[in-house]
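Computed from heavy atoms alone, side chains included, the values below leave out hydrogens, waters and symmetry copies. As the structure is a computational prediction, the values presented were derived from the model and not from experiment. Note on naming: letters A, B, ... go to the chains in the order of the sequence lines (proteins, then strands), and numbering restarts at 1 for each one.
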2 protein chains.
Amino acid sequence: MVAFNRKERDKKLRRSDILRAAEHVFALRGYHKATIRDIAREAQYATGTVYLHFKDKDDLYFALFENKIKMLLSLLKERVEREEDSRIKLRVFLREALDFFEKNKDFFRIFVYEGSQIYTEDRIAGSVPGRQFKEYLIKLVREGQERRIIRSDLIPGQTGDIFFAILKTVVIECFKLGKGSLTDLSDTILGYFVDGVGRRR
Amino acid sequence: MVAFNRKERDKKLRRSDILRAAEHVFALRGYHKATIRDIAREAQYATGTVYLHFKDKDDLYFALFENKIKMLLSLLKERVEREEDSRIKLRVFLREALDFFEKNKDFFRIFVYEGSQIYTEDRIAGSVPGRQFKEYLIKLVREGQERRIIRSDLIPGQTGDIFFAILKTVVIECFKLGKGSLTDLSDTILGYFVDGVGRRR
DNA sequence: TCGTTCTGTGAACAACTGTTCACAAATAAA
DNA sequence: TTTATTTGTGAACAGTTGTTCACAGAACGA
């Protein structure tokens, strides 16, 4: 195949072409079964071209991760910080995150199914956006505690993890059932997180 | 190396030798990076021997999974069914599960870090023990609802998933921090699950 | 003890895939 | 138009690893 005119697509665009293709292929096959060949073909480039834009397979993978987490985080911060009430902050966080995952199903698959793989784990959690994400969760929990929304005997890190775990669990289930919109799940999640499953006393 | 006398170890024992070794190596390196050679060496057999007991790498991997889940499930059922009170059933479930994970750290690593991998997921969830495990969770939730411990507006499948997600999250965190005993975490988990993070009203 | 059967061995095979690189095409400069 | 530079190409390379199989040793029955 011959490289046709792509002058209108500058370097950044080509890079994001490949990232988009990678997102799709990684989501479909998983990290190990996804081949550079697959990704290149999906992006309509030759195999070698990928290596003009990314150092190696790992570099591509983690670039994808960091990119998306950075996007999600900045989006969340922007929307959530508009609110004052802690309870509403949590709800807005959920709404925006759900919306983001709905628009980025492929990434969500990668994030959930692969994001906790042994060798991946530390690199993701240890990356700058990964840490920032976790820090932000902790900050929200702390705020909730100060404003008397969240019990003050809870460890913020743990509580943040559980918040996100519930979010992930509900989204996974929803995707499995093939249900459409995630948007209206925020109250369900808040219910589990804030009120628990017990009956009111 | 020459095969020395192993007449005292019958076929089942040899099979479980390999399973034990596999558990360790899979936990250490993850499914893809674990090689049959590694596993055979760990079990003190030659490479080919593994294939006398398991069809292929996948077969070995899923045999390991099913084995352990079956063990955990029968253990849980035995202990939990002794109790009458739904609240106590949940606590006993947690205690036993935590104890099991503490004694089977390697398996827990595989279960959590690799168990949700794309190609693994369906096969685990779809396996007989996998389905039975999920069914049992659902049964517990339903019972909790009948006994007025758990809100009746919640979907049992979803609620069961969240119960287990919270359990996993707390155990992961505990392992990361390198803390010792998991046993006393059951109340923490019950707190998150039953009462939620909100303040009492 | 001898022969038959079962089991373990590990070198060899085959397939796969990340990565490179000599070459070609496209673009920009002259 | 001609030359230089940048970018894309995909066949070839190299390393890895799941799997097989011809052989050898152990176990067992007679």
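Rounded to whole angstrom, the span from the CG atom of A:Leu52 across to the P atom of D:dG10 amounts to 13 Å. Rounded to whole angstrom, the span from the CZ atom of A:Arg14 across to the P atom of C:dA26 amounts to 14 Å. Regarding A:Phe26, its CZ atom lies at a distance of 12 Å from the C1' atom of C:dG18, rounded to whole Å. The distance from atom NZ of B:Lys33 to atom P of C:dT17 is 16 Å, rounded to the nearest whole Å. Atom-to-atom, CD1 of B:Ile36 to C1' of C:dC13 comes out at 16 Å; the value is rounded to the nearest Å. Separating the CZ atom of B:Arg37 from the C1' atom of C:dA12 is a distance of 10 Å, rounded to the nearest angstrom. For the pair B:Ile39 CD1 and D:dT19 P, the computed distance is 11 Å after rounding to whole Å. Between the P atom of D:dT16 and the NZ atom of A:Lys57 lies a distance of 16 Å, rounded to the nearest Å.
Of the side-chain N and O atoms in B:His32, none sit less than 4.0 angstrom from OP1 or OP2 of D:dT16. Dashed line: the shortest gap from a side-chain N or O of A:Thr49 to OP1 or OP2 of D:dT9 is under 4.0 Å. At least one side-chain nitrogen or oxygen of B:His53 sits closer than 4.0 Å to the OP1 or OP2 atom of C:dG8.
Considering CG of A:Leu64 and CD1 of A:Ile18, their distance stands at 12.0 Å, rounded to 0.5 Å.
Among the heavy atoms of the strands lying under 4.0 Å from B:Thr35 are primed sugar atoms or P, OP1, OP2 only; no base atom is included. Within the 4.0 angstrom heavy-atom criterion, only backbone atoms of the sugar-phosphate kind lie near B:Ala34; the bases stay farther away.
Ring geometry for A:Tyr31 versus A:Phe26: interplanar angle under 30°, hence parallel rather than tilted (30 to 60°). Ring orientation note: the planes of A:Tyr136 and A:Phe93 are close to parallel, at an angle under 30° on the 30°/60° scale. Aromatic ring orientation, B:Phe100 versus B:Phe107: perpendicular (interplanar angle above 60°, classes split at 30° and 60°).
Using a 4.0 Å cut-off between charged side-chain N and carboxylate O, B:Arg20 and B:Asp17 make a salt bridge.
The side chain of B:Tyr51 sits closest to D:dT19 out of D:dT19, C:dG18, C:dT9. Nearest to the side chain of B:Ala46, among C:dG8, C:dG10, D:dT9, sits C:dG10.
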